[in-house]
> 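Attaching a single structure in structure tokens format; questions to follow.
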Amino acid sequence: MEKQQKIWRYLIMDLEMTGLNPFQHGVIEVGMMVMDDKFEIIGEFFMDLCPPPNIIIDQEALKYNGFTLERIAHGKSYEEFTEFFVQFLAAYFPNDEKPIIVGQYVTADLSFLASIFHHARRNSVYLKLGNDIIDTKSIANVRNAVARYHDQEIPHKSTSLSKPGGLAEYLGVSEYKAHTARGDILATREVLIRFLKLEGGCITQN
């Protein structure tokens with residue numbers, strides 16, 4: 001019997017939060033897109049969340065991502081989100097297949113995802129994600145480290161996605177709205193593709 005070829009799919013994500021500490025702050029928007037092995041988008045998942053009452057809301061964070069208290073109040077609970085997310089994951093990663101997770105500083109997003117599942121008492125959901133990740137911020141840091149090692153000028157003065165001088169500006173990615181889950185996901189996807197082109201990959205997108 002011929003062995004079925006493994007299907008490689010990527011799960012690119014971005015979360016908007018009420019602050020930067022996963023032990024104190026909460027998630028107010030989750031955005032995810034599934035990409036095939038050619039980086040074409042084949043599925044997406046976007047949802048506003050309303051964190052539990054004990055979560056701290058930093059007003060500076062809301063200025064950054066443009067959320068209002070009214071919008072947050074209309075979001076889904078962590079428990080509701082978890083149910084929808086499990087169904088979404090099963091639709092694109094069946095039979096215990098695990099995604100390759102992509103993001104800009106994605107380890108922070110994963111920490112906040114873990115806090116959602118913890119609050120929802122569904123810690124086992126986190127295990128479905130696996131531990132294979134591609135982080136565009138880390139790629140930039142590696143490129144800087146290689147330059148330092150060879151006593152060259154570092155290519156990335158900022159490894160932020162959207163700040164002035166950051167990765168989007170450096171790589172000419174400008175058509176996406178920053179600090180929104182959808183905009184940051186699409187920008188991160190484009191940044192990853194352009195990084196792969198720089199490294200001599202065989203990516204064919206324009």
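Here the structure is a predicted model, which means the values were calculated and not measured.
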> Answer yes if the ring centres of F88 and F84 are under 6.0 angstrom apart, and no otherwise.
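Not close enough - the centres of the two rings lie 6.0 Å or further apart.
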
> Side chains of D184 and E16: does their closest heavy-atom pair fall under 4.5 Å?
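D184 reaches E16 side chain to side chain.
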
> If I compare all heavy atoms of A178 with all of S162, which pair ends up nearest, and what's the gap?
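Nearest pair, atom of A178 first, then S162: CB-CB, 3.8 Å.
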
> Any chain of hydrophobic side-chain contacts (each under 4.5 Å) joining I12 to F46?
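They do share one cluster, since a chain of ILVMFWY contacts under 4.5 Å joins I12 to F46.
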
> Apply side chain to side chain contact (heavy atoms under 4.5 Å, CB included) to residues L129 and L11 and explain how you reach the verdict.
CA-CA 9 Å; L129 294 173; L11 182 66; 4.0 Å; yes

> Do L161 and Y105 touch side chain to side chain, with heavy atoms closer than 4.5 Å?
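In short, these two side chains do not touch, never coming nearer than 4.5 Å.
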
> Given the rule that I, L, V, M, F, W and Y join up when any side-chain heavy atoms are under 4.5 Å apart, are M33 and V86 in one cluster?
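They do not share one cluster, since no chain of ILVMFWY contacts under 4.5 Å joins M33 to V86.
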
> Is any side-chain heavy atom of I139 less than 4.5 Å from a side-chain heavy atom of V191?
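No, side chains not in contact.
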
> Between S138 (side chain) and I134 (backbone), is there a donor-acceptor pair under 3.5 Å?
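No.
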
> Please answer: with hydrophobic residues joined when any side-chain heavy atoms are less than 4.5 Å apart, are I116 and V106 in the same cluster?
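They do share one cluster, since a chain of ILVMFWY contacts under 4.5 Å joins I116 to V106.
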
> Before you tell me yes or no, could you show the steps for K177 and L186 under side chain to side chain contact (heavy atoms under 4.5 Å, CB included), namely the whole-Å CA-CA distance, both residues' side-chain angles and the distance that decides it to 0.1 Å?
CA-CA 9 Å; K177 185 177 180 181; L186 293 172; over 6 Å; no

> List the atom pairs, with distances to 0.1 Å, where a side-chain N or O of residues 60-68 and a protein N or O form a donor-acceptor pair under 3.5 Å, not counting sequence neighbours.
| from | atom 1 | to | atom 2 | distance (Å) |
| --- | --- | --- | --- | --- |
| E60 | OE2 | K63 | NZ | 3.3 |
| Y64 | OH | H179 | ND1 | 3.0 |
| N65 | OD1 | F67 | N | 3.1 |
| N65 | ND2 | M17 | O | 3.1 |
| N65 | ND2 | A61 | O | 3.2 |
| T68 | OG1 | R71 | N | 3.1 |

> Tell me if the CD atom of E175 is crowded by more than 12 foreign heavy atoms within 6.0 Å.
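Count over threshold, so yes.
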
> Below 6.0 angstrom between ring centroids: does that apply to F112 and H119?
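Not under 6.0 Å, so no.
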
> Hey, does F39 have a side-chain heavy atom less than 4.5 Å from the side chain of L192?
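Yes, their side chains come closer than 4.5 Å.
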
> Is there side-chain contact between L167 and H156, with at least one heavy-atom pair below 4.5 Å?
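Yes, side chains in contact.
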
> Can you establish whether the number of heavy atoms outside I42 located under 6.0 Å from its atom CD1 is more than 12?
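For I42, atom CD1 is crowded (more than 12 foreign heavy atoms under 6.0 Å).
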
> With a 4.5 Å limit on heavy-atom distance, are the side chains of M47 and V27 in contact?
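When only atoms from C-beta onward are counted, V27 and M47 do not touch, as no gap falls below 4.5 Å.
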
> Tell me the closest heavy-atom pair linking I101 and G130, and the distance in Å.
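That closest heavy-atom pairing would be CD1-O, 4.5 Å.
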
> Under the side chain to side chain contact (heavy atoms under 4.5 Å, CB included) criterion, do L113 and L15 qualify, and how do the steps go?
CA-CA 9 Å; L113 265 185; L15 277 60; 4.1 Å; yes

> Restricting to non-hydrogen atoms, name the atom on I55 and the atom on G26 that form the minimum distance, rounded to 0.1 Å.
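Scanning both residues, the minimum pair turns out to be CG2-N, 3.1 Å.
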
> I need the I185 CD1 to T180 OG1 distance, nearest 0.5 Å.
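Nearest 0.5 Å value for the CD1-OG1 distance: 8.5 Å.
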
> Roughly how far, to the nearest 0.5 Å, is CD of E83 from CD of E79?
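If I round to the nearest 0.5 Å, the distance is 9.5 Å.
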
> May I ask you to check whether over 12 heavy atoms, not counting those of K157, lie within 6.0 Å of atom NZ?
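Yes - once you tally the heavy atoms of other residues, nucleotides and ligands closer than 6.0 Å, there are more than 12.
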
> Between the side chains of S158 and K163, is a donor N or O closer than 3.5 angstrom to an acceptor N or O?
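No, no side-chain donor-acceptor pair sits under 3.5 Å.
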
> Do Y78 and P52 touch side chain to side chain, with heavy atoms closer than 4.5 Å?
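Result yes, sub-4.5 Å side-chain heavy-atom pair found.
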
> Within a 6.0 Å radius of atom CG on N54, are there more than 12 heavy atoms belonging to other residues, nucleotides or ligands?
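It does: N54 CG has more than 12 such atoms within range.
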
> How long is the gap from CG on L171 to NZ on K197, to the nearest 0.5 Å?
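It comes to 10.5 Å.
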
> Quick one: ring pair (Phe, Tyr, Trp, His ring centres under 6.0 Å) partners of F81, sequence neighbours excluded?
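With neighbours one apart ignored, the set is F45, F85.
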
> Would you kindly confirm whether Y176 and M13 end up in one hydrophobic cluster when ILVMFWY residues are joined by side chain heavy atoms under 4.5 Å apart?
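Per the 4.5 Å side-chain linkage, Y176 and M13 are not co-clustered.
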
> Side chains of I100 and R9: does their closest heavy-atom pair fall under 4.5 Å?
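No, every pair of side-chain atoms sits at 4.5 Å or beyond.
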
> Are Q104 and T188 close enough that a side-chain donor and a side-chain acceptor fall under 3.5 Å?
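No, because no side-chain N or O of Q104 sits under 3.5 Å from a partner of the opposite role on T188.
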
> Let me confirm one number: the CD1-CD1 distance from I72 to I57, rounded to the nearest 0.5 Å.
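Output value for this atom pair is 4.5 Å.
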
> I need the L89 CG to K98 NZ distance, nearest 0.5 Å.
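Here the interatomic distance stands at 9.5 Å.
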
> If you look at every heavy atom in A181 and D14, which pair is closest and at what distance?
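Taking every non-hydrogen atom into account, CA-OD2, 3.4 Å.
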
> Can you get from I133 to F195 by hopping between Ile, Leu, Val, Met, Phe, Trp and Tyr side chains that sit under 4.5 Å apart?
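Different clusters.
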
> Can you tell me how far the OG atom of S160 sits from the NZ atom of K137, to the nearest 0.5 Å?
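If we round to the nearest 0.5 Å, S160:OG and K137:NZ are 6.0 Å apart.
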
> Would you confirm whether E169, through its side chain, and G165, through its main-chain N or O, come within 3.5 Å as a donor-acceptor pair?
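Yes, because the side chain of E169 sits within donor-acceptor range (under 3.5 Å) of the backbone of G165.
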
> For N21, is there any backbone N or O sitting under 3.5 Å from a side-chain donor or acceptor partner on H25?
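Yes; judged by distance alone, with no hydrogens or angles, the pair exists.
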
> Ignoring hydrogens, what is the shortest heavy-atom contact between Y10 and D37? Give both atom names and the distance.
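Smallest interatomic distance, heavy atoms only, reads CE1-CA, 3.9 Å.
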
> Is there a donor-acceptor pair under 3.5 Å between the side chain of T18 and the backbone N or O of I56?
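Flag set: sc T18 to bb I56 pair under 3.5 Å.
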
> Is a side-chain donor or acceptor of D48 paired with a backbone partner of E29 at a separation under 3.5 angstrom?
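No, D48 side chain to E29 backbone: no donor-acceptor pair under 3.5 Å.
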
> Can you confirm whether E153 is buried at CD, in the sense that more than 12 heavy atoms of other residues, nucleotides or ligands lie under 6.0 Å from that atom?
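Check fails, neighbour count at 12 or below.
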
